[in-house]
Amino acid sequence: IAVMKPINVIAVLLLCLLAFTAPAGAEDKDDWIKGKLFGPELILQNRKELKLTAKQMDLIGSELKRVQGQAAESDWTLMTEATQLQELIDQHPVDGKAVMAGVDRVFDAENRKKKLFMEMLVNIKNALTAEQVAYLKTVDQTP
């Protein structure tokens, strides 16, 4: 019998949980955001056409730096929580309540990172003019 590494067990567990919580027919989970919020990569790739001001460039740079710093902290928290969850799952018998509390902490850490990214996208969009947003809607080819 092949034995899965504990981190693989966690990955399978999380994937199963996500499969049960995904909305029916959600083939592309980011469709709802397409053409509404734009990543910094797309904006920078089109900076000449957008005629970004120095103030807009500074804001985008500041947002990226802020998010990178906080994302690293979130990643560390996520790794710590996942390791603790792994240790709980390794026990026999497994304490179901403790595992579920650990799953909550892992999901909370993931959600903090997602919220951070969404906040950045909103802040960047708010720095753009209506004309710049309209242009980005025409070039946004992300899936």
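Heavy atoms only: backbone and side chains are in, while hydrogens, waters and symmetry mates are out.
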Next item on the list: State plainly whether one hydrophobic cluster holds both Leu64 and Leu42, where clusters connect Ile, Leu, Val, Met, Phe, Trp and Tyr through side-chain heavy atoms under 4.5 angstrom apart.
Entry: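 Looking at the clustering, Leu42 is in the same group as Leu64.
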Atom pair [atom1]/[atom2] of [X] and [Y] - distance to nearest 0.5 Å:
X	Y	atom1	atom2	value
Met100	Phe107	CE	CZ	7.5 Å
Lys55	Ile60	NZ	CD1	13.0 Å
Glu63	Asn126	CD	CG	10.0 Å
Gln70	Lys65	CD	NZ	14.5 Å
Leu50	Thr129	CG	OG1	8.0 Å

Notebook entry, point to check: Please walk me through it: do Leu52 and Gln132 pass side chain to side chain contact (heavy atoms under 4.5 Å, CB included)?
Noted result: CA-CA 9 Å; Leu52 293 174; Gln132 289 169 326; 3.7 Å; yes
Do [X] and [Y] have side chains that approach each other closer than 4.5 Å (heavy atoms only, starting at C-beta)?
X	Y	result
Val94	Leu88	no
Val133	Lys36	no
Ile43	Leu128	yes
Ser62	Asn123	no

Margin query: For Glu49, I'd like to know if atom CD has over 12 heavy atoms of other residues, nucleotides or ligands within 6.0 Å.
Written below: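 Yes, the 6.0 Å shell around CD holds more than 12 heavy atoms from other groups.
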Item checked: Check against side chain to side chain contact (heavy atoms under 4.5 Å, CB included), Lys125 and Leu136 -> CA-CA 10 Å; Lys125 181 178 181 180; Leu136 287 169; over 6 Å; no
Note to self: Minimum heavy-atom separation for Leu121 and Pro40, please, with both atom names.
What the structure shows: CD2-CD, 4.3 Å
Note to self: Looking at every heavy atom in both Leu116 and Ala71, which two are closest together, and how far apart are they?
What the structure shows: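 Minimum heavy-atom separation between Leu116 and Ala71: CD2-N, 3.6 Å.
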Item checked: side-chain contact (heavy atoms from CB on, under 4.5 Å) partner of Val106, chosen from Asn111, Thr80, Leu85 ->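 For Val106, the side-chain contact (heavy atoms from CB on, under 4.5 Å) check succeeds only for Leu85.
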Check: Name the one of Lys113, Glu110, Lys115 that satisfies side-chain contact (heavy atoms from CB on, under 4.5 Å) with Ser74?
Finding: Lys113
Item checked: Intermediate values then yes/no, side chain to side chain contact (heavy atoms under 4.5 Å, CB included), Tyr135 and Asn46 -> CA-CA 9 Å; Tyr135 176 80; Asn46 292 280; 3.6 Å; yes
Notebook entry, point to check: Between Glu119 and Arg66, is there a side-chain N and carboxylate O pair less than 4.0 Å apart?
Noted result: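 Result for this pair is yes, salt bridge flagged.
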Note to self: With a 3.5 Å distance limit and no angle check, can you tell me whether Gln56 reaches the backbone of Thr53 through a side-chain donor-acceptor pair?
What the structure shows: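 Yes; judged by distance alone, with no hydrogens or angles, the pair exists.
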